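First up is the structure itself, then whatever we jot down about it.
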Amino acid sequence: MVDSNASSGAPEETPNPSPDGNAPSDSDLALDNLARKVQESLALGKRHKFWESQPVGQFKDIGDTSLPEGPIEAPTPLSEVKQEPYNLPNPYEWITCDMDSEEMCIEVYTLLTNNYVEDDENMFRFNYSKEFLQWALRPPGYFKSWHIGVRVKNSKKLVAFITGIPARIRVRDEIVNMAEINFLCVHKKLRSKRLAPVMIKEVTRRVHLEHIWQAAYTAGIVLPTPISTCQYWHRSLNPKKLIDVGFSRLGARMTMSRTIKLYKLPDTTATPGFRKMELHDVPAVTRTIRKYLSQFIVAPDFDDNDVEHWLLPKENVVDSYVVECPETHEITDFCSFYTLPSSILGNQSYSTLKAAYSYYNVSTKTPLLQLMNDALIVAKRKDYDVFNALDVMHNGSFLKELKFGPGDGKLHYYLYNYRIKQTLKASELGLVLL
Ligand SMILES: CCCCCCCCCCCCCC(=O)SCCNC(=O)CCNC(=O)[C@H](O)C(C)(C)COP(=O)(O)OP(=O)(O)OC[C@H]1O[C@@H](n2cnc3c(N)ncnc32)[C@H](O)[C@@H]1OP(=O)(O)O
């Protein structure tokens, strides 16, 4: 949508010109913004009553390099993990959401469609599809017990949701078993009642029961304390619709027809051997992507099963392309995006924005710029309105040249119970959460 988890406003229509050699990079600016936000909130005496009680980096410790990297708290013996769920206010009850069940999926889908992340101006709201949710929540080794709902006891209405999935995430040279936490949502009518901390504690308890003590998550808001702050960039594919719905603005001295021309893409991809990924490509893609991700400070530790689940194309969920060398048949390059539409709120003509989100991309032979231009071409052919990308990994090297414009929301990355000494640059992250 406009951009990240809880982001805001429309991106600039005309991409920014490249900064001059001495100007700070976009990721440096993001770090400065974060430092300013944290200082402001400390100066205002703003407290995070819940987060201050949790094993996460605390604002007061920012810059204290004497603290060691790694787990903040040691694992507790399983027998000391609370065996019963946390107490909910009396009208509500916990449920485990069975994402194999069509009815359950519809309930979760409906809660999120009406109550999940919106931009600051409430113009767009994420509209994850049922198929997407089933994909996102059932990776290899997933735990049903980590898909947690809250219902009203009387009416049985689903009013809150939070999920975890297991993931091996490498931090520098340490591979850590973690939970990735996502889809935290409280019904609009139940906001600001401190339900979120109870949900977070309950998912933590259920993760602990599986002997996992660390987690990764992203959010559009600043909490104690981001390991990195990224920015979303947007590449218009259907500029007229994006302008009509208020996602972007007509640039200064631009007409609609010049804008349409500016964003026009060729009908066919440029790279010989560029084709959709198939099942038999899994081992080669795993090898290529593992090697590529090894250069980033935080990245998933994907094996063949993970690659098959996360990267094999799934209609309207995830699209992946490989470049197969026409001579040697070797897989040299890879690119992928996932499908996450947003509902357009209160527009007479359009109800949905079809957005592709850049996922994992690896170039070894084809220049990344050309590979990503081919990704834009296929996304345009498949009728997406916009192609979004974070400035993580090497994405910064193609964003401006391929006419992406910066969005005005940020996405903050967090680790639970794992300290990192320094705030990372977006380009040091090799992890994309959905
Ligand atoms: C080892 C295993 C560990 C596993 C757990 C790892 C941690 C996982 C953490 C979760 C990762 C989720 C990743 C995603 O899914 S990010 C997506 C979050 N979802 C949305 O933005 C959807 C729309 N919004 C809502 O549904 C509600 O506003 C939510 C549910 C977000 C908060 O509900 P509500 O507005 O009614 O507030 P409250 O009165 O109940 O509670 C207020 C407290 O909650 C803290 N808060 C607010 N928003 C977030 C947030 N996005 N992450 C973490 N904490 C958040 C807030 O700072 C305050 O604490 P403190 O400031 O006083 O201390």
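We count ligands from 1, going down the list as the structure has it; atoms in each ligand are counted the same way. Since the structure is predicted, the reported quantities are computational estimates derived from the model, not experimental observations.
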Check each atom of ligand 1 against the heavy atoms of [X] and keep those under 4.0 Å away; list them by number with element.
X	value
Ala196	32 (C), 33 (O), 38 (P), 40 (O), 41 (O), 44 (O)
Lys49	60 (P), 62 (O), 63 (O)
Ala215	2 (C), 3 (C), 4 (C), 6 (C)
Asn115	23 (C)
Leu195	40 (O)
Ser192	34 (P), 36 (O), 39 (O)
Thr218	13 (C), 14 (C), 16 (S)
Gln214	1 (C)

Tell me the nearest of [options] to [atom], using heavy-atom distances.
atom	options	result
atom 59 (O) of ligand 1	Arg194, Arg191, Glu52	Arg194
atom 3 (C) of ligand 1	Phe161, Tyr416, Tyr217	Tyr416
atom 53 (C) of ligand 1	Val198, Ile181, Leu223, Val222	Leu223

request  = Kindly give the heavy-atom pair with the smallest separation between Gly430 and Leu293, and that separation in Å.
outcome  =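 Taking every non-hydrogen atom into account, O-CD2, 3.6 Å.
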request  = Return the minimal non-hydrogen interatomic distance between Tyr142 and Pro166, and the atom names on each side.
outcome  =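 Scanning both residues completely, I find the closest heavy atoms to be CA-CD, 3.7 Å.
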Side chain, backbone, both or neither: the part of [X] lying under 4.0 Å from ligand 1 by heavy atom:
X	value
Met178	neither
Tyr414	neither
Ala179	neither

key: Pair Tyr109-Asn127, side chain to side chain donor-acceptor pair (under 3.5 Å): steps then yes or no   = CA-CA 8 Å; Tyr109 169 80; Asn127 185 206; 3.1 Å; yes
key: Candidate pair Tyr384 and Phe337, rule ring-ring contact (aromatic ring centres under 6.0 Å, His included), full reasoning   = CA-CA 11 Å; Tyr384 289 83; Phe337 56 85; 5.5 Å; yes
inquiry  = Closer than 4.0 angstrom, basic N to acidic O: yes or no for Glu118 and Arg125?
reply    =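 Arg125 and Glu118: salt-bridged.
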Ion pair check, Arg168 and Asp303, cut-off under 4.0 Å =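 Salt bridge present between Arg168 and Asp303.
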ask   = Are any of the heavy atoms in Cys185 under 4.0 Å away from ligand 1?
value =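 Cys185: in contact with ligand 1 (<4.0 Å).
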inquiry  = Against ligand 1, does Asn417 come closer than 4.0 Å with any heavy atom?
reply    =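 No heavy atom of Asn417 comes that close to ligand 1.
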ask   = Under the side chain to side chain donor-acceptor pair (under 3.5 Å) criterion, do Thr339 and Asn316 qualify, and how do the steps go?
value = CA-CA 6 Å; Thr339 298; Asn316 289 321; 5.3 Å; no
message = With side chain to side chain donor-acceptor pair (under 3.5 Å) as the criterion, how do Ser294 and Arg170 come out once you've worked through the C-alpha distance, each side chain's angles and the decisive distance to 0.1 Å?
response = CA-CA 9 Å; Ser294 69; Arg170 184 181 49 74; 5.9 Å; no
Ligand 1 N/O within reach of [X] N/O, cut-off under 3.5 Å:
X	answer
Arg47	no
Ile200	no
Leu190	no
Phe50	yes
Val186	yes
Trp51	yes

Around atom [atom1] of [X], are there more than 12 heavy atoms from other residues, nucleotides or ligands closer than 6.0 Å?
X	atom1	result
Lys82	NZ	yes
Asn122	CG	yes
Gln348	CD	no

Pair Phe296 + His394: ring centers closer than 6.0 Å =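 Yes.
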task = On the 0 to 90° scale, with breaks at 30° and 60°, tag the Phe183-Phe161 ring pair as parallel, tilted or perpendicular.
result =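 The arrangement is tilted - the two ring planes meet at 30° to 60°.
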